[in-house]
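Chain letters run A, B, ... following the sequence lines, proteins first and then strands; every chain starts at 1. Remember, it's a predicted structure, so these values are computed and weren't measured experimentally.
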Amino acid sequence: MINITLPDGSVRQYKKGTTSLDIAKSISEGLARKVLSASVNGQVWDAARPITGDATLKLLTWNDADGKNTFWHSSAHLMAEAVETMFPGVKFWVGPPVENGFYYDMDLGDKKMTEEDLTALEKKMNELAKQSNSYIRKEMPKSEAVKYFTEKGDEYKLDLLQNLNDGEITFYTQGNFTDLCRGPHIPNTGFIKAIKLMSIAGAYWKGDEKNKMLTRLYGVTFPSQKELDEYLQMLEEAKKRDHRKLGKELGIYTLDDDVGPGLIMWLPNGTVMIEELEKLAKETELEAGYKRVVTPHIAKESMYITSGHLPYYAESMYPPMEMEGEKYYLRSMNCPHHHKIFAATPKSYRDLPYRVAEYGTVYRYEQSGELFGLMRVRCLHMNDAHIYCSKEQFNDEFRAVNDMYLKYFKIFGIDKYVMRLSLHSKEKLGIKYVNEPELWLETEAMVRNVLKESNIPYVEVQDEAAFYGPKIDVQIWSVIGREFTLATNQVDFSQGRSFKLQYTTADNHTETPLIIHRAPLGTHERFIGFLLEHYAGKLPLWLAPVQVKVLPISDKFLDYAKAVSDKLKKADIRSEVDDRNEKIGKKIRDTELLKVPYMLVVGEKEMNENKVAVRRQGKGDAGVKGVDEFIAEATAEIKERRAE
RNA sequence: GCCGUUGUAGCUCAGUGGUAGAGCACUUCCUUGGUAAGGAAGAGGUCAUGGGUUCAAUUCCCAUUAACGGCUCCA
């Protein structure tokens with residue numbers, strides 16, 4: 001007999017070789033029907049795999065991340081089985097579960113898969129699922145596995161085998177499909193009740209663009225049709241929040257083929273948002289001791305050789321233009337210009353920390369396939385500033401920048417993000433990163449130290465630093481799940497030296513300052529794209545391009561409506577009058593759809609009493625108020641930058 | 001940059017080897033209305049661009065371009 005410890009701490013005795021599924025059945029039949037896999041001594045196992053010794057056991061269902069992953073991974077095998085029936089000779093690479101479903105990468109040889117094939121594949125999968133074929137695990141010696149795939153001519157699985165040791169090689173078979181796989185899998189295909197194949201995409205083998213492009217098939221499955229329907233419904237909802245859709249509907253920005261890809265033109269409504277963000281940033285930075293500067297958007301080649309941009313970053317810059325025998329580049333960053341400002345006058349330790357801010361545009365030649373609405377563009381407004389400080393000041397300065405992020409995040413109610421400490425990679429010193437091994441380690445330790453002292457949760461990632469130093473990126477996700485860096489805070493030990501930046505210390509020698517590059521709001525493009533999705537277009541009053549729309553009941557009250565609107569404008573409230581010849585219901589509907597925060601309905605009653613009938617977007621009638629009373633309330637809401 | 005899909009009116013989208021349609025928006029007129037769509041008429045399109053096939057191409061083929069879904073990249 002063996003002792004099985006359950007999550008509640010209870011210990012039960014079972015026969016040696018009993019399975020998790022048997023144990024589930026001994027608890028309840030209902031539970032057994034839901035068990036997808038099991039965590040046995042912390043390892044995820046097939047529910048049907050015999051347990052041969054004492055173990056702590058957690059039965060995994062759809063509600064456990066690992067259970068779900070088992071389900072989706074098994075679904076990938078089911079999909080592969082269906083693909084193999086329709087595309088004989090297909091070779092498979094890997095088929096892991098992902099955040100919302102699973103994919104399988106495959107080499108279809110000279111065959112092509114089209115969107116039309118997806119329906120047929122789904123049908124086939126449903127058919128195979130209904131057969132409730134068990135997923136059968138089989139261990140195999142490496143030599144035998146190598147022989148099997150050599151005969152089959154499957155270079156992909158042979159490649160996988162290279163990294164596996166004898167004794168840890170397992171195969172899984174369901175129905176007529178066998179795959180090299182470490183598992184685990186769900187008991188049988190009958191658990192998969194609802195199937196949706198999402199898309200066909202290309203993906204480089206092993207994620208390396210030098211390798212062959214494989215066909216990647218994405219799918220998602222659920223234990224019931226209802227859950228699939230809900231998921232698809234959720235995707236529809238997410239689409240409504242997509243900043244590209246909202247950006248168009250709300251008149252925020254536009255693109256034009258004649259201007260060029262990734263070059264955003266801000267419409268009047270979007271420009272209001274930019275100005276409000278800059279106002280917030282200027283206020284905040286003034287308080288934090290920053291000075292504002294303005295610099296040109298181009299510079300000579302020599303400066304970008306000094307800065308390191310051309311050696312390390314040329315591919316992402318627009319090609320140069322030539323004038324008077326001199327090459328000029330559009331800037332991809334503001335920092336070199338700011339270094340020149342630092343260098344313009346001699347600095348002493350008394351001038352440090354020296355903080356300069358500028359929200360000028362920079363230009364980056366992003367790969368065409370990477371452009372994405374406002375989130376990835378070729379002309380961007382950085383919320384940029386550079387801090388020049390001594391080593392001793394670094395901690396306080398870096399911490400103050402982090403605090404600034406957090407202050408902004410509070411204003412915007414941003415709580416879903418990840419701070420990533422991005423480090424260099426030793427192997428790429430001199431290629432992707434300036435070749436200063438000790439300085440890298442030293443500054444990375446400094447940054448890590450600040451994060452720890454401030455109790456800021458973070459994750460460390462290798463090989464993601466800037467070429468001049470380590471950084472902290474704040475990661476967010478767009479509504480459709482794409483990952484983006486919202487804000488960034490970087491240390492630079494390199495450019496100060498290359499620009500020969502110096503200050504005189506208290507004991508009268510010269511020292512090179514450390515530089516902090518920071519953009520707590522990232523770029524205005526990305527930040528506004530993010531905000532549109534974050535608020536689903538329902539912007540807080542202070543950010544809303546049109547804050548108030550005055551809606552006269554009929555033309556008779558148009559003059560009064562205009563008078564009210566003028567009064568609001570005088571009080572710095574962005575107000576418009578809906579003077580169309582429409583019924584009030586229509587005016588309200590259209591204004592609701594434009595997500596204007598306040599509607600002021602005015603008719604005979606209001607006119608006679610110098611009042612307005614207030615309506616809050618999405619909330620309906622909020623009662624009648626005096627005009628001055630409304631102005632006072634709205635002004636307070638704006639001034640405090642209240643979320644609502 | 002790579003793989004795949006798409007490009008028809010300002011927007012959302014039908015449609016066709018014989019030079020195009022709907023709804024919304026827009027203009028004008030009627031209507032002057034109390035909290036999410038009043039009525040009528042009208043205007044608006046080199047069917048992304050360039051080639052090819054054809055008696056004839058918006059439709060079929062090729063190239064280019066842009067957007068979209070991924071991959072790769074990303075200061």
Quiz item: Between the side chains of Ser498(A) and Thr306(A), does any donor sit under 3.5 Å from an acceptor?
Solution: no
Quiz item: So which one's nearest nucleotide on RNA chain B is more toward 5', Ala465(A) or Gly262(A)?
Solution: Gly262(A)
Quiz item: What residues, two or more places apart in sequence or in another chain, satisfy salt bridge (charged side-chain N to carboxylate O under 4.0 Å, His left out) together with Glu604(A)?
Solution: none
Quiz item: Which part of the nucleic acid, if any, lies within reach of Leu371(A) when heavy atoms closer than 4.0 Å are counted: base, sugar-phosphate only, or nothing?
Solution: sugar-phosphate
Quiz prompt | P-based separation of rU59(B) from rU54(B) [nearest Å] | solution = 16 Å
Practice problem: Please list every stem that involves RNA chain B, where a stem is a run of 3 or more consecutive Watson-Crick or G-U wobble pairs with both pairing distances under 3.5 Å. | Solution: B:1-7 with B:65-71, B:10-13 with B:21-24, B:26-30 with B:38-42, B:48-52 with B:60-64
Quiz item: What distance, rounded to whole Å, do you find between the two P atoms, one in rA36(B) and one in rC29(B)?
Solution: 28 Å
Quiz prompt | Aromatic plane relationship, Phe484(A) with Phe372(A) - under 30° parallel, 30 to 60° tilted, over 60° perpendicular | solution = parallel
Quiz item: Think Arg244(A) has a side-chain N or O under 4.0 angstrom from the OP1 or OP2 of rG69(B)?
Solution: yes
Practice problem: Provide, to the nearest angstrom, the distance between the CD atom belonging to Glu209(A) and the C1' atom belonging to rC2(B). | Solution: 8 Å
Quiz item: Looking at Tyr388(A), does the NZ or CZ of Arg355(A) lie under 6.0 angstrom from its six-membered ring centre and within 45 degrees of the ring axis?
Solution: no
Practice problem: Give the rounded distance in Å between these two atoms: CG of Leu246(A) and P of rC11(B). | Solution: 16 Å
Practice problem: Let me have a per-nucleotide readout for nucleotides 31-40 of chain B, 5' to 3', with B, S or -, counting only protein heavy atoms under 4.0 Å. | Solution: BBBBBBBB--
Practice problem: Kindly say if Tyr312(A) contacts the phosphate of rC74(B), meaning a side-chain N or O under 4.0 Å from OP1 or OP2. | Solution: no
Quiz item: What is the distance, rounded to the nearest whole Å, between atom CG of Leu255(A) and atom C1' of rG10(B)?
Solution: 16 Å
Practice problem: Report the distance from atom CG of Leu263(A) to atom C1' of rA67(B), rounded to the nearest whole Å. | Solution: 14 Å
Quiz item: How far does the C1' atom of rC74(B) sit from the matching atom of rG4(B), given to the nearest Å?
Solution: 23 Å
Practice problem: Using heavy atoms to find the nearest nucleotide of RNA chain B for Ala203(A) and Glu483(A) separately, return the residue whose nucleotide is more 5′. | Solution: Ala203(A)
Quiz item: Is the distance from OP1 or OP2 of rG70(B) to the nearest side-chain N or O of Ser199(A) less than 4.0 Å?
Solution: no
Quiz item: Under 4.0 angstrom, heavy atoms only, what part of the nucleic acid is Lys432(A) near: base, sugar-phosphate, or nothing?
Solution: sugar-phosphate
Exercise. Mind checking salt bridge (charged side-chain N to carboxylate O under 4.0 Å, His left out) for Arg378(A) and listing every partner two or more places apart, or none if nothing turns up?
Key: none
Quiz item: Strictly by modelled atom types, are Asp107(A) and Tyr156(A) linked by a side-chain donor-acceptor pair under 3.5 Å?
Solution: yes
Quiz prompt | Matching residue for His309(A) among Glu301(A), Met317(A), Met303(A) - test: side chain to side chain contact (heavy atoms under 4.5 Å, CB included) | solution = Met317(A)
Quiz item: With sequence neighbours excluded, what pairs up with Arg241(A) under the salt bridge (charged side-chain N to carboxylate O under 4.0 Å, His left out) test?
Solution: none
Exercise. Please measure how far the P atom in rA14(B) lies from the corresponding atom in rU27(B), and state the result in whole Å.
Key: 28 Å
Quiz prompt | Distance flag, aromatic centroids of Phe92(A) and Tyr104(A), threshold under 6.0 Å | solution = yes
Practice problem: For rG23(B) and rA66(B), measure between their P atoms and round to the nearest Å. | Solution: 34 Å
Self-check item: Step-by-step salt bridge (charged side-chain N to carboxylate O under 4.0 Å, His left out) determination, Arg616(A) to Asp621(A)
Solution: CA-CA 7 Å; Arg616(A) 180 88 209 199; Asp621(A) 201 337; over 6 Å; no
Practice problem: Could you check whether Arg482(A) gets within reach of a base, just the sugar-phosphate, or nothing at all, counting any heavy atom under 4.0 Å? | Solution: sugar-phosphate
Quiz item: Which of the following nucleotides, rC2(B), rC73(B), rG1(B), is nearest to the side chain of Arg376(A)?
Solution: rC73(B)
Quiz item: How is Thr215(A) classified with respect to the nucleic acid when contacts are heavy atoms under 4.0 Å: base, sugar-phosphate, or nothing?
Solution: nothing
Quiz item: To the nearest angstrom, how far is Phe372(A) atom CZ from rC73(B) atom P?
Solution: 18 Å
Practice problem: Can you spot which of Ile472(A), Val461(A), Thr488(A) makes a side chain to side chain contact (heavy atoms under 4.5 Å, CB included) with Ser422(A)? | Solution: Val461(A)
Quiz prompt | Whole-Å gap separating P (rC68(B)) and CG (Leu235(A)) | solution = 18 Å
Self-check item: Positive for salt bridge (charged side-chain N to carboxylate O under 4.0 Å, His left out) with Asp463(A), one of Lys426(A), Arg420(A), Lys432(A)
Solution: Lys432(A)
Practice problem: For nucleotides rA41(B) and rU31(B), find the distance between their C1' atoms and express it as a whole number of Å. | Solution: 15 Å
Quiz item: So His424(A) and Trp440(A), would you call those rings parallel, tilted or perpendicular, with 30° and 60° as cut-offs?
Solution: parallel
Quiz item: Looking only at N and O atoms, is any donor in the side chain of Tyr204(A) or the base of rG1(B) less than 3.5 Å from an acceptor on the other one?
Solution: yes
Quiz item: Taking atom P of rC3(B) as reference, at what distance in whole Å does atom CG of Asp208(A) sit?
Solution: 16 Å
Quiz item: How is Gly373(A) classified with respect to the nucleic acid when contacts are heavy atoms under 4.0 Å: base, sugar-phosphate, or nothing?
Solution: sugar-phosphate
Quiz item: Salt bridge check: are Glu629(A) and Lys611(A) linked by an N-O gap of less than 4.0 Å?
Solution: no
Quiz item: Can you tell me how far C1' of rC73(B) sits from NZ of Lys428(A), to the nearest Å?
Solution: 11 Å
Self-check item: Euclidean distance for P, rG1(B) against rA25(B) (whole angstrom)
Solution: 40 Å
Between the protein and nucleotides 60-65 of chain B, list every N/O to N/O distance that falls short of 3.5 Å.
none

Quiz prompt | Integer angstrom distance from the C1' of rG52(B) to that of rG45(B) | solution = 25 Å
Quiz item: Under 4.0 angstrom, heavy atoms only, what part of the nucleic acid is Phe467(A) near: base, sugar-phosphate, or nothing?
Solution: nothing
Practice problem: Would you indicate, yes or no, if rU12(B) has its OP1 or OP2 atom less than 4.0 angstrom from a side-chain nitrogen or oxygen of Lys248(A)? | Solution: yes
